[in-house]
Amino acid sequence: MAIKNVFVVGAGTMGNGIAQVSAQAGYNVTMSDIKDEFLSRGMATIEKSLDRMIKKGTLQENEKAELMSKIKTTTDLNDARDADLVIEAAPEELELKTSIFKQLDAICKEDAILGTNTSSLPIGAIAAATGRPEKVIGIHFMNPVPVMKGVEVIPGRHTSEDVLEAAKEYVKSIDKEPCEARDYAGFIVSRLVDALMNEAFYCVMDGNKPEEVDKAVKLCLNHPMGPLELCDLAGADVVMHGLETMYAEFGERLMPAPLLKNMVRSGDLGRKTGRGFYDYGEK
Ligand SMILES: NC(=O)c1ccc[n+]([C@@H]2O[C@H](COP(=O)([O-])OP(=O)(O)OC[C@H]3O[C@@H](n4cnc5c(N)ncnc54)[C@H](O)[C@@H]3O)[C@@H](O)[C@H]2O)c1
């Protein structure tokens with residue numbers, strides 16, 4: 001089925017980026033949220049992102065107006081009735097997502113593809129909230145959406161081959177690369193990043209200095225950021241929550257390191273509290 005109309009649920013960090021890149025690829029886009037002020041904020045973020053492109057010379061001023069006019073906004077989920085592809089980017093709560101998918105199931109055309117941008121929730125559980133699990137798929141963008149090239153595409157157990165292929169085609173059409181992942185906790189990217197971070201915590205427990213661990217990963221493995229810097233940026237509590245999900249799925253090999261638990265208990269969460277693996281001054 002040809003995708004023309006893309007409907008994005010949620011105008012936050014990820015939703016407005018998804019709306020922007022879809023409009024840039026020529027789709028008719030509708031972005032929804034629960035309040036007009038969230039939609040205005042999302043549109044303002046898109047405008048700033050397009051302004052940066054104009055400054056860099058990758059977009060013309062007249063193209064900006066055309067792109068902005070391609071993105072419609074709404075607070076009414078019923079406007080998803082004409083959508084060929086829905087991408088849900090609401091907060092990461094299973095109950096909220098299943099309730100949105102139940103509503104979409106009642107609203108959307110029979111052949112519409114229902115995508116979710118979840119970073120960690122099971123696609124199968126979201127699909128099971130609908131009467132059409134074969135049409136539900138994970139389309140997991142990375143942050144910031146306009147910049148990051150890779151998108152994980154995650155079929156659930158009942159997702160049809162046609163829907164998987166159509167989702168991959170959509171990702172390619174917005175000038176990104178689909179990476180097909182299986183529906184297990186953390187898919188590919190979060191699972192590997194969590195494993196790397198956890199082993200880095202053990203390196204520190206074994207007496208390695210945090211700055212040496214990060215330097216080694218950056219200079220010897222060519223990562224743009226070290227795993228401990230990344231933990232401080234994301235927040236040790238957020239990283240621990242992710243690892244606990246991995247532990248529940250995969251057992252001991254992804255059990256949060258004792259050092260991480262100790263830091264979370266002591267309130268050394270990283271940048272947001274002023275101290276984590278590094279000192280950021282008083283907060
Ligand atoms: N932020 C990231 O780095 C990142 C990266 C990859 C994936 N994700 C995933 O993307 C999803 C969205 O994350 P985010 O960071 O954009 O969140 P966010 O909080 O920035 O935005 C979520 C938006 O959804 C809106 N919303 C809430 N309930 C809604 C409803 N019923 N209908 C429509 N809109 C509703 C909120 O008002 C908010 O504007 C989550 O599942 C998250 O795990 C986030």
Side-chain angles (χ1 to χ4, degrees), residues 6-22 29-46 48-49 71-81 83 86-108 114-123 125-127 129 136-154 171 174 176 178-179 181 183 185-194 197 224-225 230-231 233-235 237-239 241-242 245-246 270-272:
V6 176
F7 189 94
V8 182
V9 181
T13 310
M14 300 305 287
N16 69 60
I18 297 166
Q20 179 189 326
V21 295
S22 300
V29 179
T30 306
M31 181 169 73
S32 77
D33 208 302
I34 45 179
K35 281 191 187 169
D36 282 323
E37 60 184 279
F38 299 145
L39 290 166
S40 308
R41 205 163 54 197
M43 289 303 283
T45 306
I46 295 174
K48 269 192 228 137
S49 170
I71 306 173
K72 298 196 170 50
T73 57
T74 183
T75 51
D76 186 358
L77 201 61
N78 287 304
D79 289 336
R81 69 179 79 81
V86 176
I87 303 181
E88 168 277 317
E92 189 78 341
E93 293 156 32
L94 185 58
E95 231 173 89
L96 173 65
K97 290 195 192 284
T98 51
S99 131
I100 291 172
F101 273 75
K102 239 180 228 155
Q103 294 172 65
L104 289 171
D105 192 21
I107 294 166
C108 292
L114 308 182
T116 171
N117 187 51
T118 181
S119 357
S120 60
L121 299 170
I123 307 305
I126 295 170
V136 177
I137 188 158
I139 305 178
H140 180 208
F141 288 83
M142 307 293 137
N143 186 16
V145 177
V147 176
M148 300 298 281
K149 190 83 182 167
V151 177
E152 283 185 305
V153 175
I154 312 114
V171 170
I174 54 171
K176 299 198 185 290
C179 311
D183 185 19
F187 312 133
I188 293 174
V189 175
S190 306
R191 179 170 163 184
L192 290 184
V193 158
D194 281 5
M197 281 196 278
M225 195 184 244
L230 185 60
C231 178
L233 183 66
D237 51 340
V238 174
V239 172
H241 182 258
T245 308
M246 303 296 153
R271 284 176 184 250
K272 61 186 166 188

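Side chains are part of it too, since the values below use all heavy atoms of this structure and drop only hydrogens, waters and symmetry mates. As the structure lists them, so they are numbered: ligands from 1, and atoms in each ligand from 1.
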What side-chain hydrogen bond (donor to acceptor under 3.5 Å, both in side chains) pairs are there with at least one residue in residues 8-21, not counting sequence neighbours?
Q20-Q24, Q20-S49

List by chain and number: which residues place a heavy atom under 4.0 Å from ligand 1?
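Those residues closer than 4.0 Å to ligand 1 by some heavy atom are V9, G10, G12, T13, M14, D33, I34, F38, A89, A90, P91, E92, L96, K97, I100, N117, T118, S119, H140, F141, N143.
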
Taking [X] for its side chain and [Y] for its backbone only, find out whether a donor-acceptor pair lies under 3.5 Å.
X    : Y    : answer
N117 : F141 : yes
D79  : T74  : no
Q103 : L77  : no

With sequence neighbours left out, what residues match K176 under salt bridge (charged side-chain N to carboxylate O under 4.0 Å, His left out)?
none

Holding to side chain to side chain donor-acceptor pair (under 3.5 Å), I want the full list of residues that pass it with N143, two or more places apart in sequence or in another chain.
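Counting only residues at least two positions away or on another chain, N143 forms no side chain to side chain donor-acceptor pair (under 3.5 Å).
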
